[in-house]
Chemist: 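What follows is a structure written as structure tokens; I'll ask about it next.
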Amino acid sequence: MQNRAAEIVPQDMNPFPDNTSPNDRLAVAVALFVFNRPDYTRRVLEVLRMVRPADVFLVADGPRADQPDDAARCLEVRNLLEEGIDWPCRVQRKFADTNLGCGERIASGLAWVFGQVDRAIILEDDCLPETSFFPFCQELLERFSGDQRIGMIAGTNYRLKDAPATGSYFFTRHHSIWGWATWRRALTGYDPTMKAWRDMVSVDELETYWEDRRSRLIHREMFDLYREGPVDTWDIPWVFHLVRNRMLSVVPRLNQVRNIGTSGTRGRGDDRNNNLPTYPLPFPLHHPESIKPDPAYDRFVSKRHRLVRDWMRARWTRRVRDLLKPL
């Protein structure tokens, strides 16, 4: 199966609808989060150069003190950013001098970005998008800007292109952050510490969000594991925030983002969902007649990720290790 995202696309190719001016191809801001992986960063920059966003936020974590190669690699990534963004645009930078960790760096970076803009497309350095992902996000960010039922627009469709062809996108209760977009209003109340889990939220009430038992079990175990901590991540609290506020994600009918990571601080390179093929999304978009989650897709995602097994194994491994610690 051919991966269109890996192809070299001519620089003058306009991925936006015909009525979009070449000088104003992407009005919505793009936030790029990077660390110490220059090869991945270079590939994502190649795609950004095709769409030429007018507003770019660069967020970088700093080198780890116990990793001697980090300083040079982080510097190489930052130099790539300075050299690679060669189109007219406004660039703002938030570069950490020391390592904050994945959780704090991304959470604080999101707060910084949305303190200045009311909507943005978010990419990490290992998330390689189709060029059609950007006009898709731009159009739907506008369409759902005031709709409190929608919390984010995802780029990843784990079903690739097998979704029912009733529209250009659909809705789900599972939230993927491998290339996504959202609004300031959706982030309001987001708490990276996830203190409200157990303290304020009824488990039974929360679990009515999902129709299938597997999805309920996945998220309950995931939230419990995070609260038992420490887990260096920001996305579990983000999913909790969306669930608590009963918001849905938009998912494109055709997969728009490929995770190219084969290494990382959280071991994402072992995930069988990495390197999924992507497909150009045709325009104009065809909008679904109603806003309701696709239960078949929710069940598909919960089975594909095998998260029940993975989260429960991690949780019980932690408990056994704690029991074996010397007093």
Chemist: Is the CZ atom of Arg213 crowded by more than 12 outside heavy atoms at less than 6.0 Å?
Modeler: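 No - once you tally the heavy atoms of other residues, nucleotides and ligands closer than 6.0 Å, there are 12 at most.
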Chemist: Using a strict cut-off of less than 4.0 Å between a Lys/Arg side-chain nitrogen and an Asp/Glu carboxylate oxygen, indicate whether Arg37 and Glu124 qualify as a salt bridge.
Modeler: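 No, this pair does not count.
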Chemist: Could you go through Asp126 and Trp178, starting from their C-alpha distance and side-chain angles, then the distance that decides it, and tell me whether this counts as side chain to side chain donor-acceptor pair (under 3.5 Å)?
Modeler: CA-CA 8 Å; Asp126 57 0; Trp178 288 355; 6.0 Å; no
Chemist: Within 45° of the axis and under 6.0 Å from the centre of the six-membered ring of Phe170, does NZ or CZ of Arg159 qualify?
Modeler: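 Positive - Arg159 is close enough to the ring of Phe170 and near enough to its axis.
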Chemist: If I take atom CZ from residue Phe33 and atom SG from residue Cys127, how far apart are they, to the nearest 0.5 angstrom?
Modeler: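 Phe33 atom CZ to Cys127 atom SG measures 11.5 Å (nearest 0.5 Å).
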Chemist: Run Ser302 and His174 through side chain to side chain donor-acceptor pair (under 3.5 Å) and show every step you take.
Modeler: CA-CA 8 Å; Ser302 67; His174 282 264; 5.0 Å; no
Chemist: Does any part of the side chain of Arg185, heavy atoms only, come nearer than 4.5 Å to the side chain of Gln148, both counted from C-beta?
Modeler: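 They are in contact (side-chain heavy atoms under 4.5 Å apart), so the answer is yes.
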Chemist: Below 4.5 Å, heavy atoms only, C-beta onward: do Met222 and Val239 meet side chain to side chain?
Modeler: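 Met222 reaches Val239 side chain to side chain.
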Chemist: Taking only residues two or more places apart in sequence, or in another chain, which ones meet Glu142 in a salt bridge (charged side-chain N to carboxylate O under 4.0 Å, His left out)?
Modeler: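 For Glu142 the salt bridge (charged side-chain N to carboxylate O under 4.0 Å, His left out) partners, ignoring immediate neighbours, are Arg119.
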Chemist: How long is the gap from CD on Glu76 to CG on Asp39, to the nearest 0.5 Å?
Modeler: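 It comes to 7.5 Å.
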Chemist: Are the side chains of Ile122 and Thr182 in touch, meaning some heavy atoms are under 4.5 Å apart?
Modeler: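 Ile122 reaches Thr182 side chain to side chain.
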Chemist: To the nearest 0.5 Å, what is the distance between CZ on Phe134 and CG on Leu123?
Modeler: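 Reported value, rounded in 0.5 Å steps: 5.0 Å.
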Chemist: Report the distance from atom CG of Asp125 to atom OG1 of Thr41, rounding to the nearest 0.5 Å.
Modeler: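 One finds 4.5 Å between CG of Asp125 and OG1 of Thr41.
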Chemist: Would you mind listing every ring-ring contact (aromatic ring centres under 6.0 Å, His included) that reaches into residues 51-76, with sequence neighbours excluded?
Modeler: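 Residue pairs passing ring-ring contact (aromatic ring centres under 6.0 Å, His included), neighbours aside: Phe57-Trp112.
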Chemist: Step by step, work out the side chain to side chain contact (heavy atoms under 4.5 Å, CB included) result for Thr233 and Trp238.
Modeler: CA-CA 10 Å; Thr233 188; Trp238 171 238; over 6 Å; no
Chemist: Using a strict threshold of under 4.0 Å (side-chain N to carboxylate O), is an ion pair present between Arg73 and Asp70?
Modeler: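 Result for this pair is no, no salt bridge flagged.
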Chemist: Any side-chain heavy atom of Ile291 within less than 4.5 Å of one from Phe144?
Modeler: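 Yes. Closest side-chain heavy atoms under 4.5 Å.
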Chemist: Using a 3.5 Å distance criterion without hydrogens, assess whether the side chain of Arg173 forms a donor-acceptor pair with backbone atoms of Tyr209.
Modeler: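 At least one qualifying donor-acceptor pair exists.
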Chemist: Using the six-membered ring wherever Trp is involved, compare the ring planes of His219 and Trp210 and label them parallel, tilted or perpendicular (cut-offs 30° and 60°).
Modeler: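 Ring orientation of His219 relative to Trp210: parallel.
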Chemist: Can you tell which of Leu254, Ile121, Val250 makes a side-chain contact (heavy atoms from CB on, under 4.5 Å) with Phe136?
Modeler: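 When Leu254, Ile121, Val250 are each tested with Phe136, the side-chain contact (heavy atoms from CB on, under 4.5 Å) holds only for Val250.
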Chemist: Is a side-chain donor or acceptor of Thr278 paired with a backbone partner of Gln256 at a separation under 3.5 angstrom?
Modeler: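 No: the side chain of Thr278 does not pair with the backbone of Gln256.
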Chemist: Would you tell me whether Asp298 and Thr172 have side-chain atoms, one donor and one acceptor, within less than 3.5 Å of each other?
Modeler: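 There is such a pair between these side chains.
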Chemist: Would a 4.5 Å heavy-atom cut-off, applied to side chains only, mark Arg93 and Glu82 as touching?
Modeler: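 The answer is yes, as the side chains (C-beta and beyond) meet within the 4.5 Å cut-off.
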Chemist: Donor-acceptor pair, Arg49 side chain versus Gly84 backbone, under 3.5 Å?
Modeler: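 Side chain of Arg49 to backbone of Gly84, a donor-acceptor pair under 3.5 Å: yes, one is there.
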